[in-house]
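Whatever order the structure lists them in is the order used to number ligands and atoms, beginning at 1.
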Amino acid sequence: MVPGARLVVLGKQGAGKGTQCVRLSHHYVVPHVSTGDMLRAAVKSGSALGEKVRQVMDRGELLGDDLIMEMVADRLSEPDCRARGFVLDGCPRTINQAQALAALLSPGDVDLVVDIEVPTAQVLRRLAGRRVCVDCGANYSVTSPPKVNWTCDVCGGEVVQREDDTEEAISRRLDIYEKQTAPLITWYTERGQLARVNGVGSPDAVLRRIIRAVEDRREGSSGVAARRS
Ligand code: AMP
């Protein structure tokens with residue numbers, strides 16, 4: 001049986017996080033838990049909370065830590081996550097969230113935190129051309145569109161540019177990333193939980209690098225366990 005995994009994937013907007021998280025969730029047969037997708041579902045529901053969420057997301061700002069961590073705690077407590085693990089995409093985004101996640105998983109922990117590294121000039125190019133399916137969230141781009149007339153290859157949904165992929169919202173999100181999310185790299189490095197992975201290259205090549213990092217970590221920790229026993 002394929003062993004499960006508990007992974008957190010970090011990376012600035014446009015680093016390919018969403019694409020790699022979907023692939024990792026298939027590889028390790030674990031749920032893909034994306035806070036962005038959960039929030040977009042809340043917006044789509046048309047509820048009063050959804051409307052508030054939409055306004056914050058459209059500005060490219062972050063939602064409050066408490067709301068996010070309540071949502072994540074609920075999702076990670078479901079049987080599929082408890083049994084097999086998860087690929088967490090888009091969370092944590094602040095040190096507060098990272099601390100709350102560690103408390104949530106204690107006495108266990110994540111297997112590995114992967115930072116997908118791509119130069120800013122390249123993510124700006126990727127974000128400007130990014131297109132997504134409004135129904136299932138599948139990712140496309142102007143250079144790699146769906147086969148038929150902006151209709152999703154996976155589910156037939158409409159493929160569009162995200163509301164928060166405007167130039168203004170993109171630069172605000174990258175700014176927030178530098179201020180609030182980049183410190184997580186140091187935080188997780190200090191805890192010995194971080195692997196940096198080069199995110200430049202084909203999606204297959206990047207996936208192979210991430211899987212190698214996860215396997216190296218597992219071999220490393222089983223080596224430590226074996227040496228300790
Ligand atoms: P994403 O799809 O991960 O790029 O997330 C889209 C937007 O959802 C972000 O720009 C934030 O407005 C919001 N969001 C997603 N995850 C979080 C989080 N962990 N904390 C705060 N806001 C979040």
Side-chain angles (χ1 to χ4, degrees), residues 7-25 31-45 47 49-76 81 86-105 110 113-116 118 120 123-124 126-141 157 159-185 187-188 199:
L7 303 175
V8 167
V9 179
L10 302 178
K12 45 174 103 80
Q13 291 73 17
K17 247 184 316 142
T19 302
Q20 293 302 332
C21 285
V22 170
R23 288 163 172 250
L24 285 167
S25 88
H32 170 206
V33 177
S34 156
T35 45
D37 285 353
M38 288 192 258
L39 293 167
R40 280 183 283 277
V43 170
K44 225 171 148 193
S45 75
S47 65
L49 174 68
E51 179 49 27
K52 282 192 196 138
V53 169
R54 187 186 66 74
Q55 290 175 10
V56 177
M57 285 176 84
D58 283 358
R59 286 199 299 270
E61 291 169 5
L62 295 185
L63 275 302
D65 291 336
D66 290 350
L67 172 88
I68 296 290
M69 292 317 297
E70 208 179 302
M71 227 170 57
V72 169
D74 273 1
R75 183 65 189 89
L76 298 190
C81 292
F86 49 81
V87 180
L88 193 49
D89 170 4
C91 179
R93 261 179 157 96
T94 63
I95 299 278
N96 246 336
Q97 291 181 16
Q99 286 166 336
L101 179 67
L104 196 71
L105 297 175
V110 293
V113 179
V114 177
D115 180 36
I116 305 181
V118 177
T120 301
V123 301
L124 283 171
R126 285 190 190 174
L127 287 169
R130 174 160 81 174
R131 301 292 181 270
V132 294
C133 171
V134 289
D135 289 332
C136 75
N139 275 296
Y140 299 92
S141 73
V159 174
V160 300
Q161 184 163 33
R162 269 169 53 164
E163 295 281 345
D164 58 353
D165 274 349
T166 61
E167 211 173 299
E168 197 189 337
I170 288 172
S171 76
R172 185 168 307 124
R173 279 153 64 211
L174 286 173
D175 205 41
I176 290 175
Y177 180 84
E178 285 308 326
K179 288 203 185 86
Q180 306 216 40
T181 309
L184 289 175
I185 310 290
W187 200 84
Y188 279 121

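- When all heavy atoms of Arg75 and Val33 are compared, the closest pair comes out as CG-CG1, 3.8 Å.
- The shortest side-chain heavy-atom distance between Leu174 and Ile170 falls under the 4.5 Å cut-off.
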Show me, pair by pair, the donor-acceptor contacts under 3.5 angstrom made by side chains of residues 14-22, not counting sequence neighbours?
| unit_1 | atom_1 | unit_2 | atom_2 | d |
| --- | --- | --- | --- | --- |
| Gln20 | OE1 | Leu207 | N | 3.4 |
| Gln20 | NE2 | Pro203 | O | 3.1 |

Name each donor-acceptor pair under 3.5 Å that joins a side chain in residues 64-71 to protein atoms two or more places apart or in another chain, with its distance.
| unit_1 | atom_1 | unit_2 | atom_2 | d |
| --- | --- | --- | --- | --- |
| Asp65 | OD1 | Thr94 | OG1 | 3.1 |
| Asp65 | OD1 | Gln97 | NE2 | 2.9 |
| Asp65 | OD2 | Asn96 | ND2 | 3.2 |

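- Checked against side-chain contact (heavy atoms from CB on, under 4.5 Å), Ala102 has no partners two or more places apart in sequence or in another chain.
- Between Leu101 and Pro92 the shortest heavy-atom distance is CD2-CD, 4.0 Å.
- Closer than 4.0 angstrom to ligand 1 by heavy atom are Thr35, Gly36, Leu39, Arg40, Met57, Glu61, Leu62, Leu63, Ile68, Gly90, Cys91, Arg93, Gln97, Arg162, Asp164, Arg173, sorted by chain and number.
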